[in-house]
Student: 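Attaching a single structure in structure tokens format; questions to follow.
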Amino acid sequence: MIVDIIAGTRPNFVKIASLINAKRKYRANFQIRLIHTGQHYDNKLSDVFFKELGIPLPDINLNVGSSSQASQVGQIMIKYEEVVLKNPPNLCVVVGDVNSTMAFAITAKKMNIPVVHIEAGIRSNDLSMPEEINRIVTDSISDYFFTTTKFANENLSNLGVNENKIFFVGNTMIDTLYNNLNNFKKPSFYDDYDLNNNFLVLTMHRPANVDSIVDFEKRIKEITSSAKHLKILFPVHPRTKKSLESIVDLPENLLCVEPLPYLEFNYLVKNSLGVITDSGGITEEATVFGVPCITMRDNTERPETVEYGTNILVGSTPTNLSKYIDKMIAKNWKKAKIPEKWDGKTGKRIIKTLDRILKN
Ligand code: UD1
């Protein structure tokens, strides 16, 4: 039996690492065929994640690279169709909500391969985000739904998904975090920059936050001035780099670095006073670390990070940032509770369930 596992971008690699790891530990009557779409291809966004997280080299790399939304999705579909025609799998497992996720789900389903969606059912209800479209399309054609929270189960039930097809398994990203807690690495610049547990981490890469240079510059100035003289460590995503290069005088407390490997990035988050972000996965990791987190978005598909976790939504045009940054610096923040089943055993639950699905 062959189970295709698909990964295309940085957050996908963190999620599939949990599955690969669990498959090594627990007996299952299937083989994984690992397929990299090539959506992320830079060493810093891809190869280093495979090495650090012990993911084997992909069995197949489609090498699609970057292009427009439609062109990227189209190329992935054409290339995966060729793979399936030659050697069809018994199941196609997709994770998360990126273009690679949706493209594989559509291709597999049209070729009568059952689709398993890991991280199914989450919704921001914001159709201006490409990820929300990817989530809706993927869930609308998936056969089995593996969820991270009860909120996702509720969303799926409200959509009429049969309860027998929904498996509340927990969070693969948090498995990977627990598996690597003892391996986090202090980045080489940590001492040179004199960070000493007294800094903030910033990440920003959503098209809505970075593609307009004028708004992006305003946002950067707002964040750095709110932080006063506190250093802000900013690993810059390639998409963001293009806008950052147009800002003439970058504030002195903004320390821009290249995208960081997983083990170094999480060392920073764990040792910071707080994180300011527009990512989704980072809000989950910050919740587990108990590190304060500010999300610069109007909505989140991960309400559990706000309801139970350390995350606060301040909106995409934040006017109250300095109030929250002050609270971060003063260590005056709500205490987090870790959501149910974010316990490091999600990969095991998924592998056992996939085995059962294939037997029936
Ligand atoms: C993608 C996902 C997003 C996820 C993010 C994590 C979609 C719609 N978006 O966004 O959900 O949070 O990955 O990083 O799937 N580029 C490089 N090197 C690479 C890859 C990309 O330089 O290895 C550059 C390209 O110039 C490209 C830009 O980054 O134009 C954006 O890449 P793309 O894959 O389109 O989306 P991301 O913004 O990375």
Side-chain angles (χ1 to χ4, degrees), residues 6-17 36-51 53 58 61-77 79-80 94-106 117-119 122-124 126-138 172-173 176 201-213 216 234-246 256-262 265-266 275 277-286 295-297 299-302 305 316:
I6 317 311
T9 69
R10 186 166 60 173
N12 291 167
F13 309 141
V14 179
K15 289 167 195 166
I16 64 153
H36 190 331
T37 64
Q39 181 177 345
H40 281 178
Y41 46 86
D42 275 359
N43 174 30
K44 291 192 171 74
L45 296 188
S46 178
D47 304 14
V48 71
F49 281 74
F50 277 74
K51 277 186 208 124
L53 301 178
N61 193 327
L62 305 181
N63 289 314
V64 296
S66 300
S67 50
S68 70
Q69 293 277 324
S71 159
Q72 192 173 54
V73 169
Q75 284 184 64
I76 298 172
M77 288 178 65
K79 291 193 172 181
Y80 184 47
V94 296
V95 297
D97 54 18
V98 300
N99 288 344
S100 302
T101 310
M102 181 184 74
F104 264 67
I106 298 174
H117 186 200
I118 293 179
E119 207 182 85
I122 63 174
R123 292 289 185 277
S124 67
D126 176 357
L127 281 165
S128 68
M129 292 175 68
E131 294 82 359
E132 185 69 358
I133 299 169
N134 296 338
R135 289 180 201 118
I136 292 171
V137 173
T138 305
T172 52
M173 231 175 179
T176 302
V201 175
L202 171 66
T203 82
M204 225 194 308
H205 73 280
R206 300 266 166 219
N209 279 346
V210 306
D211 286 0
S212 151
I213 293 166
F216 174 67
F234 185 23
V236 182
H237 185 282
R239 171 170 221 122
T240 312
K241 196 173 176 191
K242 292 173 193 159
S243 299
L244 192 73
E245 279 165 359
S246 354
C256 300
V257 295
E258 293 284 311
L260 290 172
Y262 180 82
F265 181 73
N266 281 294
V275 186
T277 190
D278 62 4
S279 154
I282 293 170
T283 66
E284 298 177 341
E285 291 164 344
T295 296
M296 294 173 295
R297 283 176 50 195
N299 47 56
T300 175
E301 60 289 341
R302 292 164 164 89
T305 63
S316 52

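As a basis for the values below, the full set of heavy atoms in this structure was taken, side chains included, without hydrogen atoms, waters or symmetry mates. In each ligand, atom 1 is the first atom listed, and ligand 1 is the first ligand listed.
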Student: Report yes or no: does a heavy atom of Lys44 sit under 4.0 Å from some atom of ligand 1?
Tutor: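 Flag not set, Lys44 not near ligand 1.
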Student: Nearest protein heavy-atom contact for atom 8 (C) of ligand 1: which residue, which atom, what distance?
Tutor: Asn99 OD1, 3.2 Å
Student: Quick one: look up the protein heavy atom nearest atom 16 (N) of ligand 1 and list residue, atom name and how far away it is.
Tutor: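 Heavy-atom neighbour on the protein nearest atom 16 (N) of ligand 1: Tyr41 OH, 3.6 Å.
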Student: Under the 3.5 angstrom rule, does the side chain of Thr295 hit a backbone N or O of Arg297 as a donor-acceptor pair?
Tutor: no
Student: Are the side chain of Asp278 and the backbone N or O of Arg206 linked by a donor-acceptor pair below 3.5 Å?
Tutor: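 Yes; at least one donor-acceptor contact below 3.5 Å.
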Student: Which heavy-atom pair separates Tyr262 from Val14 by the least distance, and what is that distance?
Tutor: CE1-CG1, 3.7 Å
Student: With a heavy-atom distance limit of 4.0 Å, tell me whether Val98 approaches ligand 1 through its side chain, its backbone, both, or neither.
Tutor: both
Student: Considering only heavy atoms, which of Met129, Glu131, Arg206, His237 lies nearest to atom 37 (P) of ligand 1?
Tutor: His237
Student: Given Ser66, Pro130, Ser67, Ser68, which has its nearest heavy atom closest to atom 21 (C) of ligand 1?
Tutor: Ser66
Student: Should Asn134 be counted as touching ligand 1, given the test is an N or O pair under 3.5 Å?
Tutor: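 Between Asn134 and ligand 1 (N or O atoms, distance only) the closest approach is not under 3.5 Å.
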Student: For Pro11, which part has a heavy atom under 4.0 Å from ligand 1: side chain, backbone, both, or neither?
Tutor: side chain
Student: For atom 38 (O) of ligand 1, what's the nearest protein heavy atom and its distance?
Tutor: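 The closest heavy atom on the protein side is Arg239 NH1, 3.1 Å.
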Student: Could you pull out, from His205, Gln69, Met102, the option with a heavy atom nearest to atom 5 (C) of ligand 1?
Tutor: His205
Student: Between Asp97 and Glu132, is there a donor-acceptor pair closer than 3.5 Å when you use the side chain of the first and the backbone of the second?
Tutor: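 Not at all, since once roles are kept as given, no pair shorter than 3.5 Å links the two residues.
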Student: Please state which protein non-hydrogen atom is closest to atom 34 (O) of ligand 1 and give its distance, to 0.1 Å?
Tutor: Gln39 NE2, 3.2 Å
Student: If we only count N/O pairs under 3.5 Å, is Thr9 in contact with ligand 1?
Tutor: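 N/O-N/O distance under 3.5 Å: no.
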Student: Output yes when a side-chain donor or acceptor of Thr101 lies under 3.5 Å from a complementary backbone atom of Val95, and no otherwise.
Tutor: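 A pair under 3.5 Å: yes.
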Student: To the nearest 0.5 angstrom, please state how far the CG atom of Leu45 sits from the CZ atom of Phe13.
Tutor: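 So the CG of Leu45 and the CZ of Phe13 are separated by 8.0 Å.
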Student: What protein heavy atom sits nearest atom 30 (O) of ligand 1, and how far off is it?
Tutor: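 Minimum-distance protein heavy atom for atom 30 (O) of ligand 1 reads Lys242 NZ, 3.6 Å.
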Student: Answer yes if the side chains of Gln39 and Thr9 hold a donor-acceptor pair under 3.5 Å, and no otherwise.
Tutor: no
Student: Among residues at least two apart in sequence or on other chains, which ones pass side chain to side chain contact (heavy atoms under 4.5 Å, CB included) with Pro261?
Tutor: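 Here the qualifying residues are Val48, Glu52, Glu264.
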Student: I want to confirm something. Looking only at heavy atoms, which of His40, Gln72, Arg10 is nearest to atom 13 (O) of ligand 1?
Tutor: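 Minimum heavy-atom distance to atom 13 (O) of ligand 1 goes to His40.
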Student: Among protein heavy atoms, which sits nearest to atom 22 (O) of ligand 1, and what does the distance come to when rounded to 0.1 Å?
Tutor: Pro238 CB, 3.2 Å
Student: Does Gly96 offer a backbone N or O that forms a donor-acceptor pair with the side chain of His117 under 3.5 Å?
Tutor: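 Yes; judged by distance alone, with no hydrogens or angles, the pair exists.
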Student: What residues, two or more places apart in sequence or in another chain, satisfy side-chain hydrogen bond (donor to acceptor under 3.5 Å, both in side chains) together with Asp126?
Tutor: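 With neighbours one apart ignored, the set is Ser128, Asn299.
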